[in-house]
2 protein chains.
Amino acid sequence: MRTVETVTDATSSWDPYEQGCPSRDLLDRIGDKWSILVLGELGEHGTSRFTELRKRLSGVSEKMLTQTLRALERDGLVLRTVHPEVPVRVEYELTPLGHTLRGPLRGLTQWSLQHMAEVLAAREAYDVRTGQTG
Amino acid sequence: MRTVETVTDATSSWDPYEQGCPSRDLLDRIGDKWSILVLGELGEHGTSRFTELRKRLSGVSEKMLTQTLRALERDGLVLRTVHPEVPVRVEYELTPLGHTLRGPLRGLTQWSLQHMAEVLAAREAYDVRTGQTG
DNA sequence: CCTGGGAACTCTCCATCGGTAAGTAGCCAC
DNA sequence: GTGGCTACTTACCGATGGAGAGTTCCCAGG
C-alpha cells in the first residue's frame, strides 16, 4: 500500500489522452457499462452472490457478468469468495480500493439521473432539427 | 412524461439498474471510452476543431470521433459550430449542460490517475496467482 | 443406479460494433 | 482541370457483446 503523499508525482506521469498509456485502459475499464453498474450495486448493497447480481442488473448476460467480475477482481476492485458448500456459493464484494471508486462513480450516476430530462429534451430538439423520425 | 420541476422526484423515478430505463443508456453514453476523453479535452482546452481533437485524442479514428461528437451534440452536451470559410472550419465546445459534467468526469479520471499503481500491482498479483503469462 | 436439481460458470453461434483506409464535397490557387 | 485543404462518409473486416444451451459438482429421491 502506497502512501498518499506523493500522489501528485504519481499522477503527473500518466496521461489518458495518450494512446497506449495504461491510464487510458483503466479509464476505459471503470467507465465500462457493466463495470459501473456492478460496482454501484456492490457499493450500495454490499456482499452479493452471482445470481443476485444478475437479477439486479437486469439485462446483463451471464457471460458479461462473469467477464466483468473477473476483470474487476483482477484490477483489485472486487473480492471474490468461494464457499465450498453444495451447491457452491460465491460471494462478491468491494475491496477497500473498490470503495474509493464509489464516490466518483456516484457522481456520474447522480449526474445522469439529475440531467436525464435535459438530455432527453436535447435529443428531441436535435431529432426535430435534423428531421429524424423517432 | 415526467415534470421537471421536482428534480429530486424526477431522479427517484429512474433507475439505471433497470433494463430499458433511459438513464442506463445515458450512463452508458457518458461512460463511453471516447466520450469521456472528448468531454475531458473540450473541458480543459475549450473550443477545439475536428483535427485538433483527433490529434490530442491519439488513437481515435475519424469515424469514431465523428460518431462520438454527433452523439454528444444530440445529447446537448457539445455545441458544433460550422464556419463557412474556405476551407470549412468546424468548432466544438461544451454547452452549459456539458460543463456540469466536468466535475463528475474529472472525479473519474483523477481516480484512475491516482490509483493506477495499485491497480497495476493488483493485476500483477492476480496474474501470478492464476498463472497467466504477461 | 439413474434422474433431477441448484449454482456458477463455460461454450457456441450470430449480430453489432470499432478500426482501417479509401472516397466524397465544396471551394480556391495554380 | 488538377491538387490541396478540411471535415466528413463509406466499405470492408476482425473483435466484441448478447442469447441460450451445455458443463461440473454434489446430493436427494425413486
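Just so we're clear, the structure is a prediction, and the values are computed from it rather than from any experiment. Naming convention: chains lettered A, B, ... in sequence-line order (proteins, then strands); numbering from 1 in each chain.
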Nearest heavy atom decides the nucleotide; on that basis, is V86(A) or P87(B) closer to the 5' end of DNA chain D?
P87(B)
State, with a plain yes or no, whether a side-chain heavy atom of [X] is found less than 4.5 Å away from one of [Y].
X       : Y      : answer
S35(A)  : I30(A) : no
V88(A)  : F50(A) : no
L113(B) : L26(A) : no

Counting only heavy atoms not in E52(B), do more than 12 sit closer than 6.0 Å to its CD atom?
yes
Rounded off to whole Å, could you give me the NE2-to-C1' distance for the H83(A) and dG6(C) pair?
17 Å
Expected string for nucleotides 8-19 of chain C under the B/S/- scheme (protein heavy atoms, under 4.0 Å, primed atoms plus P, OP1, OP2 as sugar-phosphate) is SBBBB-----BB
For the pair R24(A) and S58(B), evaluate side-chain contact (heavy atoms from CB on, under 4.5 Å) and give the outcome as yes or no after the intermediate values.
CA-CA 11 Å; R24(A) 177 180 284 189; S58(B) 73; 4.1 Å; yes
Quick one: do T47(B) and Y92(B) satisfy side-chain contact (heavy atoms from CB on, under 4.5 Å)? Show the steps, please.
CA-CA 6 Å; T47(B) 302; Y92(B) 295 93; over 6 Å; no
Provide the start and end nucleotides, 5' to 3', of the part of DNA chain D that has atoms under 4.0 Å from heavy atoms of chain B.
dC5(D) to dA11(D)
Between T68(A), L57(A), D32(A), which is the residue that forms a side-chain contact (heavy atoms from CB on, under 4.5 Å) with L37(A)?
L57(A)
With sequence neighbours left out, which residue pairs that include part of residues 91-110 of chain A fulfil the salt bridge (Lys or Arg N to Asp or Glu O under 4.0 Å) condition?
R89(A)-E91(A)
